[in-house]
Number of protein chains: 2
Amino acid sequence: MPATVLHRPTHRDALVLLEEAFGDGRMVTLFGRCTVEYDGRATSSLGPGDRLVVCKPDGTILVHTDEKRKPVNWQPPGCTHRASVRDGRLRVRSERTTPAERLDVRFERIDQLSAYEVTDRSDLELLGSEEDLRRRILDDPGLVEDGFVPQATERETTAGPVDIFGEDAAGRPVVVELKRRRVGPSAASQLQRYVEAVDAEFPDEGVRGILVAPSVTDRTEALLDEKGLSFVAVEPVAGDERSDSGDGGGDENGGHEEDGNEEN
Amino acid sequence: MPATVLHRPTHRDALVLLEEAFGDGRMVTLFGRCTVEYDGRATSSLGPGDRLVVCKPDGTILVHTDEKRKPVNWQPPGCTHRASVRDGRLRVRSERTTPAERLDVRFERIDQLSAYEVTDRSDLELLGSEEDLRRRILDDPGLVEDGFVPQATERETTAGPVDIFGEDAAGRPVVVELKRRRVGPSAASQLQRYVEAVDAEFPDEGVRGILVAPSVTDRTEALLDEKGLSFVAVEPVAGDERSDSGDGGGDENGGHEEDGNEEN
DNA sequence: TGGTGGATGTCGCGT
DNA sequence: ACGCGACGTCCACCA
């Protein structure tokens, strides 16, 4: 029984299924009119409205409105959720400690409650992260600069770990900070902190700092100049100069389409 | 009709309701076994598994597994979603430009499809943000330092906007950076950037920088010292010294409870 | 458990 | 549209 659904259940019927599902480790979705109160790292209050509430077996709760990618309220994994009926109304409460946080969802009307058996899970494979950029640089250090020799990754300094530490053609220490996308001032400051820390380790050796990213903003460029730091433009993945390549077919007719010969 | 649900629909039946719902501006949830491909700012691939897919009328798509608060895949608001059936299988595609991004969800099995009419919406009221901390300081500048006089908020500098700009008792310029929670090295660097920028505006006036937050990490403390910056401990909301007050009742018995006299 | 930094971060606000 | 910084950021990793 992969999915159970109750249409416009009473609050008591909803309670029964909810507790069953919480016990089973099933994922639950609730849709209806509700209010939400949160207290913990901050405090928030949300008046009545129609929302989708998702309860995961790992303790996560999400409250979604019809807009935006982020939930309007939530509780992170590891929380304990509990359902009850007060004054004839369903209430879902989620709590945790460290930090102490509580979320209450009170339903005025329940349109639908579903419980899902979740069995399978695959791992996400992702390409284009900073990790991929690092691999690219280590494969071909010349992308940073001719004669650059990487010596360590995540090298510890008093200011924190340096993405890539190495030497330039002249044998001077080089600190490389990697970013997978266009960067702002904070990246320049981060690099500067690392360079200062390494500079204290290697006095009078003229430690250099190089920011490697697809691009930088103007203000960041100025900041780098000011601090004597460099910038080198590299994309996180090889052929990716945002060339908008691919999509070689004029398909994608809108409307109601059933079956189609186009691959992809 | 606030909620429509199809239990184990055929892929074609699902298609019909999906397109109807996309057209109506209804919110949709799909549960079933699917694969997900994403290409855009990065590239990702997710093998078969049981997931909850949420499609919002504003163009948002979320793909949730049974774990974690963040969706394993998603598309932000403003995207265009479209459903089709290929080789007898439902596919939901979401696309946008700037940046060019595409998400494909292909279903192997559909356990449930629901469409919800979302009518009402209230605004979230939140307490304890940096904004609240700012109000606290402006109400009582002595929290920062005796004799501190705020002169401007969000004051522009070449390095960006300063949270609170003012003068100390001796008439020296003061840059205040606010953080609602315990801070790390990046906040110290941010303050330093602002102080340098203001210092260039007021040469030889000895511009001061003060970080106002609940607390700082050790390394950040050292960083502040090194740069001649100060730290002042202030909570974002008044009575909030994380005193763990309240909860003055031994209620909260677990288990199946229907109705209860406890308020709250 | 806390520190540190990445993220397809998202989001709002200003230019 | 881009720049910039906040966020109840979340999250993995590591001491």
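All chains are named by letter (A, B, ...) in the order of the sequence lines, taking the proteins before the strands, and each is independently numbered beginning at 1. Computed from heavy atoms alone, side chains included, the values below leave out hydrogens, waters and symmetry copies.
- We find that B:E37 and B:R106 are not joined by a salt bridge, their nearest charged nitrogen and carboxylate oxygen being 4.0 Å or further apart.
- D:dC11 and C:dC11 have their P atoms separated by 15 Å, with the value rounded to a whole Å.
- If you check every strand for non-hydrogen atoms under 4.0 Å, B:E67 touches nothing.
- For the pair B:T98 and B:S129, nearest-nucleotide mapping onto DNA chain D gives the more 5' position to B:T98.
- Atom-to-atom, CG of A:L124 to C1' of C:dT8 comes out at 10 Å; the value is rounded to the nearest Å.
- In this structure, B:S44 and B:T220 both approach DNA chain C, and ranking their closest nucleotides by distance from the 5' end singles out B:T220.
- If you check every strand for non-hydrogen atoms under 4.0 Å, A:P76 touches a base.
- Side-chain proximity of A:W74 to the nucleotides C:dG12, D:dG8, D:dC11 is greatest for D:dG8.
- The gap from the C1' atom of C:dG9 to that of C:dG5 amounts to 13 Å, rounded to the nearest Å.
- D:dG5 and C:dA7: their C1' atoms are spaced 16 Å apart (whole Å).
- With both ends at atom C1', the span from C:dT10 to C:dG6 equals 14 Å, rounded to whole Å.
- Computed from coordinates, the A:Y38 OH to D:dT9 C1' distance equals 11 Å when rounded to whole Å.
- We find that B:R136 and B:E130 are not joined by a salt bridge, their nearest charged nitrogen and carboxylate oxygen being 4.0 Å or further apart.
- Take the nearest nucleotide of DNA chain D for B:E130 and for B:K70: the residue whose nucleotide is more 5' is B:E130.
- For residues 67-78 of chain B, every residue pair satisfying the side chain to side chain donor-acceptor pair (under 3.5 Å) rule, not counting sequence neighbours, is listed here: B:S44-B:N73.
- At whole-Å resolution of the value, CD in B:E95 and C1' in C:dT8 are 16 Å apart.
- A salt bridge is absent between A:E196 and A:R193: the closest approach of a Lys/Arg side-chain nitrogen to an acidic carboxylate oxygen does not fall below 4.0 angstrom.
- Evaluation of atom-type donor-acceptor distances gives a pair under 3.5 Å for the side chain of B:N73 against the base of C:dT8.
- Note: B:H81 and B:F22 have tilted aromatic rings, judged against thresholds of 30 and 60 degrees for the angle between ring planes.
- Between the P atom of D:dC10 and the CD1 atom of A:I61 lies a distance of 14 Å, rounded to the nearest Å.
- Rounded to an integer number of Å, the gap from A:E177 CD to C:dA7 C1' is 14 Å.
- Side chain of A:T97 to backbone of A:A100: no donor-acceptor contact under 3.5 angstrom is found.
- Between A:R182 and D:dG3 there is a side-chain N or O to OP1 or OP2 distance below 4.0 Å.
- B:R219 and B:E221 are not joined by a salt bridge, as no carboxylate oxygen comes within less than 4.0 angstrom of a charged side-chain nitrogen.
- Rounded to an integer number of Å, the gap from A:R134 CZ to C:dG6 P is 12 Å.
- Across the protein-nucleic acid pair, B:R41 atom CZ and D:dC2 atom P stand 13 Å apart, rounded to whole Å.
- A salt bridge links B:E131 and B:R135; the closest N-O separation between the charged side-chain nitrogens and carboxylate oxygens is under 4.0 Å.
- The A:R180 side chain lies nearest to C:dG9 when the options are C:dG9, D:dG8, D:dA6.
- When heavy atoms are screened at a 4.0 angstrom cut-off, B:E156 is found touching no nucleic acid atom at all.
- The stretch residues 188-196 of chain B touches DNA chain D through B:Q190, B:R193, B:Y194, each having a heavy atom within less than 4.0 Å of the strand.
- The side chain of B:E101 approaches C:dT8 more closely than any other nucleotide in the set C:dT8, D:dG8, C:dC11.
- For the side chain to side chain contact (heavy atoms under 4.5 Å, CB included) criterion with A:Y194, the lone passing option out of A:D199, A:V176, A:V175 is A:V175.
- Looking at heavy-atom distances under 4.0 Å, A:P99 makes no contact with the nucleic acid at all.
- Distances from the side chain of B:K179 to the nucleotides C:dA7, C:dC11, D:dA6 place D:dA6 closest.
- For A:R69, the side-chain atoms get nearest to C:dC11 when compared with the rest of D:dG8, C:dC11, D:dA6.
- Residue A:D163 contributes atom CG, which lies 16 Å from atom P of D:dC13 at whole-angstrom precision.
- Residue A:A159 is the one, among A:G128 and A:A159, whose nearest nucleotide of DNA chain C lies closer to the 5' end (criterion: closest heavy atom).
- The pair B:R102-B:D39 does not meet the salt-bridge criterion, since no charged nitrogen lies less than 4.0 angstrom from a carboxylate oxygen.
- Here the nucleotide nearest the side chain of B:L126, chosen from C:dT4, D:dG8, C:dC11, is D:dG8.
- As judged by a 4.0 angstrom heavy-atom cut-off over every strand, B:R181 is placed among the base-contacting residues.
- Checked by distance alone, B:D218 brings no side-chain donor or acceptor within 3.5 Å of a matching partner on the base of C:dG3.
- At a threshold of 4.0 angstrom between heavy atoms, the contacts of A:P77 are confined to the sugar-phosphate backbone, with no base atom among them.
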